[in-house]
Number of protein chains: 2
Amino acid sequence: MAYGCRVTQTSPGAQRPRALRPAGLATRTAIEDAARSLFAERGFDGASVRAIAAEAGVDPALVIRHFGSKEALFLRTVDTSLGIGTVLDGPLETLGRRLVAYFLDPRRPVIRQRYVALAQAAHHDQVREEMIRHTAETYVGPLAPRLTGPHPELRVALAVAQLGGLLNLLFLQRDPIVTAADPEVVIATYGDAIQRLLTPPDTP
Amino acid sequence: MAYGCRVTQTSPGAQRPRALRPAGLATRTAIEDAARSLFAERGFDGASVRAIAAEAGVDPALVIRHFGSKEALFLRTVDTSLGIGTVLDGPLETLGRRLVAYFLDPRRPVIRQRYVALAQAAHHDQVREEMIRHTAETYVGPLAPRLTGPHPELRVALAVAQLGGLLNLLFLQRDPIVTAADPEVVIATYGDAIQRLLTPPDTP
DNA sequence: GTGGTTGTGTCAACACCGTTGACCGTTGCT
DNA sequence: AGCAACGGTCAACGGTGTTGACACAACCAC
């Protein structure tokens, strides 16, 4: 009954070791680097734990030992925010187009990789919950108070849905029409449709 | 070099046997029924070939024998259209709201199941191509000619993207905000945003 | 009727997957 | 010195989709 820190009495989730030694930390980051690389390169399903372990030069079992599960490793490794960050800080009136422009920017090819990996992992519960949390924290929290008119939270959530729809068609489905279209036209057209959710025309 | 009908010379895809006998047809439909049921119930990943075979009362190998692969069985079994059909026939001016209303209708719980299964299978190439084909055939083809203004095909594709975004947030991510919201509000708000893509206000 | 072809079905196996338990050496604290 | 915990390896488990070898049944030509 009296044991160490590996497993506590009630929560099997808190299994990450505290006070790790230098060697442990080194291999941990090696595994994280390998995971980041392979998840981006091959997606969630395509990157096997064994391949990640091989890339990091360790035993597959050690990956699970350190991170608990492949899903947990993914969550600790892949940035679910896709690097949005400061885009949301600008003026609300042009946010629609700026959001679309950010994700369509060819100088950020990492976004596509991360989104594909994220979408593949989306039907695992922990990842799903993290995405919900991220939406609430990154989008709804900061944005809803700045909106006028009814149902601000819902309208932000719907704007996020609309944004996700574009990423889905563009990066996952690779729809030929949208892919071949002039990015500026997509930014203007789709951005304005998102804008309508954030600042409806009858709410000046 | 000279063999029967199982595999033709050039196309390895046409491997389904012709002129099947009654017994074969019966088990084929049994497998299809089991697959339809389990794919809807557990999704693409959750429904294993072995489970489908067990439900149909046959050997797992027979499933692959008959359909070539799990992916092919899925494509032959699940309706990728989600039953849209006649919704697109009505007046263009109210199509945005009608589309959203169709997918939010609680009398059609099958839609959610099929969408989840479809989304899980979406990163397999054949399924992806089928979805692109379906978008082109069901939405872009009939709708784009009815649109006025510039880039009609692109605007239809973007409307489809937007619609998919809602389904994604609602059925896959199960976002609490949208889930808890009044469906009528969602239909009005999101439907009007879609409508803006189809009939922009500056194109009367 | 006989033989060959072909569809139908079964069985065992392959290669791979995420994960776990048993085990061992090393580290660091007391 | 002793001991607990960490860092790591190994083999294995139960699961996956898929394949090849093989057996039986139905049809067709002779």
Side-chain angles (χ1 to χ4, degrees), chain A residues 1-8 12-31 35 38-39 42-54 56-75 120-121 123-127, chain B residues 2-8 12 14-31 35 38-39 42-54 56-75 120-121 123-127:
Chain A
M1 288 305 160
Y3 33 57
C5 70
R6 178 69 54 92
V7 174
T8 72
Q15 59 202 359
R16 194 146 24 82
R18 308 258 134 251
L20 24 79
R21 299 176 205 157
L25 193 139
T27 60
R28 265 187 79 92
T29 57
I31 292 172
L38 285 187
F39 279 141
R42 311 185 192 172
F44 183 81
D45 297 329
S48 71
V49 173
R50 283 172 165 86
I52 293 173
V58 300
D59 192 272
L62 193 59
V63 176
I64 304 296
R65 264 287 124 81
H66 269 310
F67 294 91
S69 69
K70 181 184 183 181
E71 196 180 349
L73 172 63
F74 179 82
L75 278 175
Q120 278 188 17
H123 51 78
H124 290 82
D125 279 349
Q126 296 177 36
V127 176
Chain B
Y3 31 59
C5 72
R6 178 68 53 92
V7 173
T8 72
Q15 59 204 1
R16 196 147 22 84
R18 306 261 134 249
L20 24 80
R21 297 176 205 159
L25 193 139
T27 60
R28 264 187 80 92
T29 58
I31 293 172
L38 285 187
F39 278 142
R42 311 184 192 173
F44 182 81
D45 297 330
S48 71
V49 172
R50 282 172 168 84
I52 293 172
V58 301
D59 192 273
L62 194 59
V63 177
I64 304 295
R65 263 289 123 81
H66 269 309
F67 294 91
S69 68
K70 181 184 183 182
E71 194 180 351
L73 172 63
F74 179 82
L75 277 176
Q120 278 187 17
H123 51 77
H124 290 81
D125 279 349
Q126 294 178 37
V127 177

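Values below: all heavy atoms of this structure, side chains included; hydrogens, waters and symmetry mates excluded. Only a predicted model underlies this, so the values are computations on that prediction, with no experimental measurement involved. In what follows, chains carry the letters A, B, and so on, assigned in the order in which the sequence lines appear, proteins first and then strands, with residues in each chain numbered from 1.
A centroid separation of 6.0 Å or more is found between the aromatic rings of A/Phe74 and A/His124.
In this structure, A/Lys70 forms no cation-pi arrangement with A/Phe39, as its terminal cationic atom is not both closer than 6.0 Å to the ring centre and no more than 45° off the ring axis.
The base of D/dG17 lies close enough to the side chain of B/Arg50 for a donor and an acceptor atom to sit less than 3.5 Å apart.
Taking atom NE2 of residue B/His124 and atom P of nucleotide D/dT16, one finds them 15 Å apart after rounding to whole Å. If you measure from atom CD of B/Gln120 to atom P of D/dG17, you get 12 Å, rounded to the nearest angstrom. Atom P of nucleotide D/dC24 and atom CG of B/Leu62 are separated by 17 Å, given to the nearest angstrom. Between the CZ atom of B/Phe44 and the P atom of D/dT16 there is a distance of 13 Å, rounded to whole Å. Taking atom CD1 of A/Ile31 as the reference point, atom P of D/dG8 lies 8 Å away to the nearest angstrom. At whole-Å resolution of the value, CZ in B/Phe67 and C1' in D/dG17 are 16 Å apart. The distance from atom CD1 of A/Ile52 to atom P of C/dG18 is 8 Å, rounded to the nearest whole Å.
How far CG of B/Leu62 is from OG1 of B/Thr27: 5.5 Å, rounded to the nearest 0.5 Å.
Taking only side-chain atoms of A/Asp59, from C-beta outward, the nucleotide of D/dT18, D/dT9, C/dT19 with the closest atom is D/dT9. Of all nucleotides listed (C/dT19, D/dG17, C/dT10), D/dG17 comes nearest to the side chain of B/Lys70. The side chain of A/Ser69 approaches C/dT19 more closely than any other nucleotide in the set C/dT19, C/dG18, C/dC11. Residue B/Ile64 has its side chain nearest to D/dT18 when only C/dG9, D/dT18, C/dT19 are considered. Considering only the side chain of A/Arg65, C/dA22 comes nearest among C/dA22, C/dG18, D/dG20.
Residues passing the side-chain contact (heavy atoms from CB on, under 4.5 Å) test with B/Ala30 are B/Ala56, sequence neighbours excluded.
When the side-chain nitrogen and oxygen atoms of A/Thr27 are compared with OP1 and OP2 of D/dG8, one or more of them lie within a distance under 4.0 Å. At the phosphate of D/dG8, OP1 or OP2 sits under 4.0 Å from a side-chain N or O atom of A/His66.
Two residues are said to be in side-chain contact when any heavy atoms from C-beta on lie closer than 4.5 Å; B/Ile64 and B/Leu73 fail this criterion.
Both A/Ala61 and A/Gly46 lie near DNA chain C, and the one whose nearest nucleotide falls closer to the 5' end is A/Gly46.
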